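Notes for the one structure printed next.
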Amino acid sequence: MFTDETLDALGVESLWRKSQQFAQESRGCQTRPVHTAEAEIQPLLNADNGTQTDPQDHHIYQLPPKGELQPESPGLRDFLHRVEDMVVKELASNAKSHAFDGFDVNWEDQNETVSCIHCLQYPSAQEKGLQVTSISWSCTGSVIACAFGRVDDGDWSTEKSCVCTWNLDRRGLNPKRPDMVIDVARPVMSLSFHPSQPSLIAGGLYSGEVVVWDTNRTQDLILAQTGMSTDTHREPVYQVAWVPGPRRGEMVVLSAGSGGRVLLWTVDSDEGRLVLSAGFALIRQQVPHNSALSKNRGSSNVGVTSLALSPWDLDTFLVGSESGLVLKCSFSAQTLAAAPPDGESVTLRAPAQFSFSPRGGPVHSLHCSPFHRNLFVSVGTDGLAHLHSLLQPDPLLSLRVSDSYVFGVRWSPTRPLLFAAATGQGLVQIFDLGRKSLRPAATLDQLTGGQPVYCLEFNPRRKDLLAVGNSDGSVNIWHLSTELTEQGPRETAKLEQLANEVAE
């Protein structure tokens, strides 16, 4: 009924696989042939050297075996028992003592003398009768830059000037030949090296312009400048400095002049110009407790002759004026300045927050203490150095520096109680506030024939160097003694005690 039957096989082709095979393509590429080469070298000369010291007799010391101790000296054990309690008491007392807090042991050779190691000069500037108006150390401490201009009377409107630099670490230093001379069309009144880029120098001119030079350039050294515009100062720029900008790591240029303006400039190196980013105006009517100013007639602006930045508070800066007033100011002030618009591209603000007791004449220099946040020192035409606290209007202490004017003052970067002042009699007076006597601890004669000293700066890296700029066109580099550079015991505590005193 049922039978086996064999049928032919039936196959169905896959159209999908066939279409995929048709879609496949093969490609090939090959890089250029890589050339290789082998080379061998062999030194022409090979030498071995050896040395050996002469044999010397030496002694080997060993502890005696246990049980074979040497006999004690007579009375040694009784003596140790007798002084044990006394020695332990003294050791415990010394462990609790603060007599040497803040004192670092210096194992270097002590330098007991003060000497002038360099007298830097630029003969071409001296022949014109130009004076050193400002000096600045680079952040490396190797290069000193000096500005030439005039502080006394003269025709400044057309007189050309220059900026000179010397690298003190250069081999074969020639004190009468600067490493670099930057020719400037107008007298330069102020200088400031960039705090981290040693090739950048900011300068303020008598014409009111502000310039930034890049000494790494081979052709045009001007990196950026303000030019003459409605934003530019109309009066000489007596102070320039680098301050932190709004962006992280950015530094902007601060300039202040006798026209009563404090301006902040952003460096636009691509366009080669300084762009005004913020501005402040000091107006007599807006100065706190301005009774001394209200008696003066004339311009409503407070002419700025000096400025100091606080190393403790980046928002605070101090201003010294032509009228003898010292003002504490704030970069974050929002009060609008009561000054008529004069074409500025930014709105000017009034920065003055606090007024200190006025002096009898212009304040030529200010400097904040690097060791105490509330202390600063000011000098001017009254011949005195006034030690101030930011918390009190009257000075804590006034020292007679000179019978003439005092043009510059700087705190020591290593001694909390020491500062130096430049006088109109050709002397630099160094005072130590830790001494009982208020007389100078040292006097540095610049040998200028009694001509004034206009500026001075301690080296930020090499604590024993002090640069002094003179009116005869020379810059003296002084090597200070260990006594003037090494901090003594409890100096910081004594400075704190001085700061806490109440002015009489």
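All residue numbers refer to positions in the sequence shown, counting from 1. Values in this document were obtained by computation on a predicted structure and should not be read as measured data.
Using a 4.5 Å heavy-atom cutoff, the side chains of L282 and C329 are in contact. The shortest side-chain heavy-atom distance between I135 and V132 falls under the 4.5 Å cut-off. When side chains are defined from C-beta on, V184 does not count as touching Y206, because their heavy atoms never get closer than 4.5 Å. By the 4.5 Å heavy-atom criterion applied to side chains, L366 and V377 are not counted as neighbours. Here the side chains of L205 and M189 are not in contact, with every heavy-atom distance at 4.5 Å or above. Counting heavy atoms from C-beta on, the side chains of I117 and L168 never come closer than 4.5 Å. Two residues are said to be in side-chain contact when any heavy atoms from C-beta on lie closer than 4.5 Å; L466 and R410 fail this criterion. Contact of the D183 side chain with the V181 side chain is registered, since non-hydrogen atoms from C-beta on lie closer than 4.5 Å.
Side-chain atoms of T414 come within 3.5 Å of backbone atoms of T485 as a donor-acceptor pair (strictly under, hydrogens ignored). The main-chain N or O of S357 is found under 3.5 Å from a side-chain atom of R359 such that the two form a donor-acceptor pair. Under a 3.5 Å cut-off, the side chain of Q239 and the backbone N or O of V262 do not form any donor-acceptor pair. Listed for the S269 side chain is no donor-acceptor partner under 3.5 Å among the backbone atoms of L223. At distances below 3.5 Å, at least one donor-acceptor pair connects side-chain atoms of T226 with backbone N or O atoms of V210. With H118 contributing its side chain and I477 its backbone, the two residues share no donor-acceptor pair below 3.5 Å. Between the T232 side chain and the G208 main chain, no donor and acceptor come within less than 3.5 Å of each other. Side-chain atoms of S190 come within 3.5 Å of backbone N or O of V237 as a donor-acceptor pair. For D231 (side chain) and L276 (main-chain N/O), no donor-acceptor pair under 3.5 Å exists by modelled atom type. Remark: the backbone N or O of V409 is paired with a side-chain donor or acceptor of S365 at under 3.5 angstrom.
Judged as a side-chain hydrogen bond (donor to acceptor under 3.5 Å, both in side chains), and not counting sequence neighbours, the contacts of E491 are R415. Not counting sequence neighbours, the partners of D313 by the side-chain hydrogen bond (donor to acceptor under 3.5 Å, both in side chains) test are T316. Under the rule for a side-chain hydrogen bond (donor to acceptor under 3.5 Å, both in side chains), the partners of S142 that lie at least two apart in sequence or sit in another chain are D169. Under the side-chain contact (heavy atoms from CB on, under 4.5 Å) criterion, Q451 pairs with T448, S471, D472, sequence neighbours left out. Every residue two or more places apart in sequence or in another chain that forms a side-chain contact (heavy atoms from CB on, under 4.5 Å) with A147 is listed here: T133, S134, V188, L191. Looking at residues two or more places apart in sequence or on another chain, you find a side-chain contact (heavy atoms from CB on, under 4.5 Å) between S402 and S404, V406, T423, Q425. Scored by the side-chain hydrogen bond (donor to acceptor under 3.5 Å, both in side chains) test, D315 finds S330, S332 as partners (sequence neighbours excluded).
For residues 381-400, the pairs satisfying ring pair (Phe, Tyr, Trp, His ring centres under 6.0 Å) are F356-H388, F376-H388, with sequence neighbours left out. Residues in residues 431-469 take part in these ring pair (Phe, Tyr, Trp, His ring centres under 6.0 Å) pairs, two or more places apart or across chains: F407-Y454, F419-F431.
No side-chain donor from either of T165 and D179 sits under 3.5 Å from a side-chain acceptor of the other. Side chains of E483 and S481: a donor-acceptor N/O pair is absent below 3.5 angstrom, by distance only.
By the 4.0 Å N-to-carboxylate-O rule, E159 lies close enough to R150 to be salt-bridged with it. Ion pairing between a basic and an acidic side chain is recognised when a charged N comes within 4.0 Å of a carboxylate O; R261 and E235 show no such pairing.
For R461, the CZ atom is loosely surrounded, since the number of other residues' heavy atoms within 6.0 Å does not exceed 12. Y405 OH: 12 or fewer foreign heavy atoms inside a 6.0 Å radius.
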Verdict with reasoning, E496 to T492, per side-chain contact (heavy atoms from CB on, under 4.5 Å): CA-CA 6 Å; E496 180 70 30; T492 305; 5.7 Å; no

Check the pair F331, L264 against side-chain contact (heavy atoms from CB on, under 4.5 Å), reporting the backbone distance first and the verdict last. CA-CA 10 Å; F331 285 117; L264 298 177; 4.3 Å; yes

Test side-chain contact (heavy atoms from CB on, under 4.5 Å) on L325 and S355 and set out the steps. CA-CA 7 Å; L325 201 64; S355 174; 3.4 Å; yes

Would you tabulate the side-chain donor-acceptor contacts of residues 192-201 under 3.5 Å, counting partners in other chains and residues two or more places apart, or write 'none'?
| unit_1 | atom_1 | unit_2 | atom_2 | d |
| --- | --- | --- | --- | --- |
| H194 | ND1 | S196 | N | 3.0 |
| H194 | ND1 | S196 | OG | 3.4 |
| H194 | ND1 | Q197 | N | 3.1 |
| S199 | OG | D214 | OD1 | 3.2 |
| S199 | OG | N216 | ND2 | 3.4 |

Under 3.5 Å, sequence neighbours excluded: what are the donor-acceptor pairs made by side chains of residues 437-447?
| unit_1 | atom_1 | unit_2 | atom_2 | d |
| --- | --- | --- | --- | --- |
| S437 | OG | R439 | N | 3.2 |
| T443 | OG1 | Q429 | OE1 | 2.6 |
| D445 | OD1 | L447 | N | 3.0 |
| Q446 | OE1 | N476 | ND2 | 2.9 |
| Q446 | OE1 | W478 | NE1 | 3.0 |
| Q446 | NE2 | L444 | O | 3.1 |

Give every donor-acceptor pair under 3.5 Å between a side-chain atom in residues 244-253 and any protein atom, sequence neighbours left out.
| unit_1 | atom_1 | unit_2 | atom_2 | d |
| --- | --- | --- | --- | --- |
| R247 | NH2 | E250 | OE2 | 3.2 |
| E250 | OE1 | R247 | N | 3.3 |

